[in-house]
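To start, the structure itself, in structure tokens.
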Amino acid sequence: MDQILQTLLTMTTTASVAALCVMGLRLLLKRAPRWITCLLWMVVFVRMVCPVSFSLPVSLVPAPIAQGTYVQQAGQALEASSRAQAPAPADTGGPADQGASAGPDRTDVVVGLWGAGTLGMLLWGGVSYLRLRRRTGEAIRLEGNLYETDQIAAPFVCGVFSPKIYLPVGLDPQDRPYVLLHEQAHLRRRDHLTKPLAWLALCLHWCNPLLWLAYRLFCRDLETACDQAVIRRFGAKDTAQYAAALLHLGHSGKLPQAVPLAFGEEDPKGRIRHVLDYKRPPVWVAGIALLVCAATIVLILANPGVPEDQMEGVAITETYLQLRGTPVRLPEELQTSLVSLLRDYDQEDYTPLAQFSLPNGALLLTNANRGTQFCLFLGETGAPVLVRLNHDGYSASQKKAVLPESLLQDPRWRAFQTSLSSYLREGWAEDLYALKTPYLGSPSACLAILEELHLSQAVGPYQIALQTERAPYGITLQFQEACPQGALSSATEYLRFCGTVFQALVGNGDRFSWELPLEGSDTPARGTVEKTPWDTTSLTAFLPTWQQALEAWLQESPLSQTTQPE
């Protein structure tokens with residue numbers, strides 16, 4: 001999935017969760033001052049525009065949503081399903097070529113439509129604002145920032161940098177003081193700034209109805225907060241007259257807009273009921289509500305993260321072991337023990353690297369959100385080396401630090417190696433075998449196997465096409481990025497290994513094919529793995545071949561050859 005689209009979808013789902021939290025808390029804080037709820041809404045709009053955040057052990061946003069895991073999985077499943085529904089290929093290359101060209105095009109179309117919608121919203125808001133300014137262009141100044149005109153039907157505040165209060169000609173003298181108090185409260189609270197900012201955030205998420213509802217509720221809370229700010233010192237008579245002014249000037253708002261801040265907009269009937277029923281809450285109620293609000297703000301803004309899985313301020317979300325071009329994802333308990341160990345050997349003395357390629361047997365610790373990675377491997381002298389790779393989406397940099405050799409003698413390192421070896425020989429195979437499926441026709445099941453084998457990390461992004469109309473049934477992988485000539489041998493070996501594993505796990509899979517572009521060549525590398533003759537119905541038949549491959553790889557891994565104590 002395109003990185004821009006994934007970021008947008010992650011932001012909109014994260015903001016939706018935050019909006020749902022505020023909506024629920026809004027019901028519990030009915031008796032609390034409404035300005036507290038306004039603060040909570042602004043945190044939601046921060047989530048709508050800011051793709052990064054800090055990490056805490058506890059958060060109101062689930063980790064798979066905050067990290068974009070659900071979005072990525074949904075996108076991969078959708079792409080696989082759409083390609084599997086394409087006509088069966090006449091040969092191994094035909095439909096895969098079509099899928100490869102169709103996938104990116106569809107993503108580009110979605111991003112383009114999203115951008116067009118955002119631009120349309122901004123234009124609509126800009127045109128609406130200019131039309132309003134044109135209607136008030138000949139308003140007569142009464143005093144200060146107070147103007148009067150016969151071109152409007154209701155009083156309002158308009159303007160961002162120099163806000164003005166506009167009154168309609170013929171406004172009832174009894175309503176006028178209450179209108180001015182309300183609009184002046186908007187200016188004191190800086191609502192003429194916060195409402196347009198929230199509107200800009202909504203423009204980015206124009207296709208999310210839940211965030212439209214959040215914006216509408218936010219606007220209502222703005223008006224209610226101003227009502228409360230005005231009437232909290234009123235007696236019964238002034239309160240009744242304020243409600244009467246709302247009744248005289250109330251009007252149903254049209255579609256939500258950034259401006260103006262009109263006196264009688266946003267649910268005037270509900271506001272009248274609230275004004276008449278309003279009782280100033282005790283100080284202790286406001287204090288508790290403020291504490292709840294502060295805690296909620298922190299928990300909404302934070303992404304869930306485990307403090308033990310942080311290195312140099314970077315939350316580590318995934319860890320891989322690189323074995324002969326094969327990135328093997330490690331389970332969470334192995335990641336936690338490794339990060340805890342490395343944090344005790346943390347180094348600040350980095351030196352820049354002009355270029356860097358991932359060596360065999362390296363451990364790669366990644367952060368999917370920030371694009372920062374750490375790579376641990378043994379250098380030519382036998383000392384452990386830690387390389388930090390930073391990617392901000394536009395540029396990349398790398399730097400290395402040589403760690404003390406005492407790390408290799410640390411009992412925690414040896415315990416980690418023992419657990420890692422046990423997982424590679426048994427745990428990973430069992431995790432893969434749990435994905436076994438009897439039918440090749442299930443795109444999501446096939447994609448789950450391929451992703452567990454980490455094809456996209458090892459070889460590059462790819463498209464798939466399933467041949468399910470007639471035997472021999474098979475799958476074709478069309479890779480999108482050119483492979484260097486020097487890496488073709490290792491990539492082919494890994495693809496053959498993946499083909500063997502895939503055939504063992506898919507009941508009616510007879511053929512595993514691929515097409516891999518090559519740098520400097522117009523002819524791609526093609527290959528096919530046919531069904532192996534040995535029994536694939538049990539784990540006991542699958543493990544011997546698996547273990548033979550792992551043993552060969554582990555013998556070549558520098559990290560498996562730790563220095564023994566003298």
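One-based numbering along the sequence shown. From a predicted model like this one, the values you see are computed outputs, not experimental measurements.
Looking at E183, Q184, K164, H182 one by one, the single match for side chain to side chain contact (heavy atoms under 4.5 Å, CB included) with V157 turns out to be E183. Just one residue in the list W199, W206, Y129 forms a ring-ring contact (aromatic ring centres under 6.0 Å, His included) with W124, and that residue is W199. Residue E223 forms a side-chain hydrogen bond (donor to acceptor under 3.5 Å, both in side chains) with just one option from H186, R34, Q228, and that option is H186.
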What do the steps show when you test W212 against L202 for side chain to side chain contact (heavy atoms under 4.5 Å, CB included), and what is the final call? CA-CA 7 Å; W212 277 92; L202 181 64; 3.8 Å; yes

| task | Tell me, with the steps shown, if T296 and V43 meet side chain to side chain contact (heavy atoms under 4.5 Å, CB included). | result | CA-CA 9 Å; T296 304; V43 175; over 6 Å; no

Exercise. So N303 and F54, side chain to side chain contact (heavy atoms under 4.5 Å, CB included) or not? Walk me through it.
Worked result: CA-CA 6 Å; N303 284 338; F54 57 92; over 6 Å; no

Should L197 and F45 be marked as a side chain to side chain contact (heavy atoms under 4.5 Å, CB included) after you check the CA-CA gap, both sets of side-chain angles, and the distance that decides it?
CA-CA 8 Å; L197 289 175; F45 297 123; over 6 Å; no

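Between the side chain of S337 and the backbone N or O of L334, at least one donor-acceptor pair lies under 3.5 Å. Distance alone, capped at 3.5 Å, places no donor-acceptor pair between the T366 side chain and the Q373 backbone. With hydrogens and angles disregarded, no donor-acceptor distance shorter than 3.5 Å links the side chain of T372 to the backbone of N390. Remark: the backbone N or O of I316 is paired with a side-chain donor or acceptor of Q335 at under 3.5 angstrom. The backbone N or O of T336 sits nowhere less than 3.5 Å from a side-chain atom of S340 that would complete a donor-acceptor pair. Although no hydrogens or angles enter the test, the distance criterion places no donor-acceptor pair under 3.5 Å between the side chain of R233 and the main chain of V230. A distance-only check finds a donor-acceptor pair linking the side chain of R141 to the backbone of G144 [under 3.5 Å]. Judged purely by atom type and a 3.5 angstrom limit, E318 has no side-chain atom pairing as donor or acceptor with the backbone of L365. For the pair R47 (side chain) and A18 (backbone), a donor-acceptor distance under 3.5 Å is absent. Side-chain atoms of T136 come within 3.5 Å of backbone N or O of R133 as a donor-acceptor pair.
For the pair P51/T10, no side-chain contact is recorded, criterion being any heavy-atom separation below 4.5 Å from C-beta on. For the pair C293 and L40, the minimum side-chain heavy-atom distance is below 4.5 Å. No side-chain heavy atom of T149 sits less than 4.5 Å from a side-chain heavy atom of V169. Inter-residue side-chain proximity for Y242 and K237 is flagged as unmet; no heavy-atom pair is nearer than 4.5 Å. Looking at heavy atoms from C-beta onward, V22 lies in side-chain contact with I300 at the 4.5 angstrom threshold. Using a 4.5 Å cut-off on side-chain heavy atoms (C-beta onward), V179 and P155 make contact. Contact annotation: the side chain of K399 never approaches that of L386 to less than 4.5 Å [non-hydrogen atoms, C-beta and beyond]. Between I165 and L167, some side-chain heavy-atom pair lies under the 4.5 Å cut-off.
Using a 3.5 Å distance cut-off with no hydrogens or angles, the side chains of H248 and D172 do not pair a donor with an acceptor. Defined by atom type and a distance below 3.5 Å, a donor-acceptor pair is missing between the side-chain atoms of Y166 and E148. Side-chain contact annotation: T12 with N208, donor-acceptor N/O pair under 3.5 Å present.
Residue-environment remark: CD (Q241) exceeds the threshold of 12 foreign heavy atoms within 6.0 Å. For Y439, the OH atom is loosely surrounded, since the number of other residues' heavy atoms within 6.0 Å does not exceed 12. Other residues, nucleotides and ligands contribute at most 12 non-hydrogen atoms within 6.0 Å of the CD atom of E138.
Applying the salt bridge (Lys or Arg N to Asp or Glu O under 4.0 Å) test to pairs two or more places apart or on separate chains, those with a residue in residues 17-27 are R26-D221.
Heavy-atom minimum distance, V61 versus V17: CA-CG1, 4.2 Å. For the residue pair L20 and L210, the shortest heavy atom distance occurs at CG-CD2, 3.8 Å. The two residues L299 and V58 make their nearest non-hydrogen contact at CD2-O, 3.5 Å. Minimum interatomic distance between V275 and A243 (heavy atoms only, all atoms of both residues): CG1-CB, 4.2 Å. C158 approaches F156 most closely through the heavy-atom pair CB-CE1, 3.7 Å. Residues L29 and A289 approach most closely at CD2-CB, 4.1 Å, considering heavy atoms.
A tilted orientation is assigned to the rings of Y215 and F218, their planes being inclined by 30° to 60°. Between H205 and W114, the angle of the ring planes goes over 60°, which puts this pair in the perpendicular group of the 30/60° scheme.
The salt bridge (Lys or Arg N to Asp or Glu O under 4.0 Å) check on D175 picks up nothing, with sequence neighbours excluded.
Between the CG atom of L146 and the CD1 atom of I140 there is a distance of 11.5 Å, given to the nearest 0.5 Å. Note that OG of S16 is 11.5 Å distant from CE of M11, once rounded to the nearest 0.5 Å. Note that CZ of R388 and CZ of F374 are 4.0 Å apart. Values are rounded to the nearest 0.5 Å. With rounding to the nearest 0.5 angstrom, the CG atom of D150 is 10.5 Å from the CZ atom of R135. Taking SG of C219 as the start and NZ of K195 as the end, the distance is 4.5 Å to the nearest 0.5 Å. Rounded to the nearest 0.5 Å, atoms SG (C375) and CG (L364) are 5.5 Å apart.
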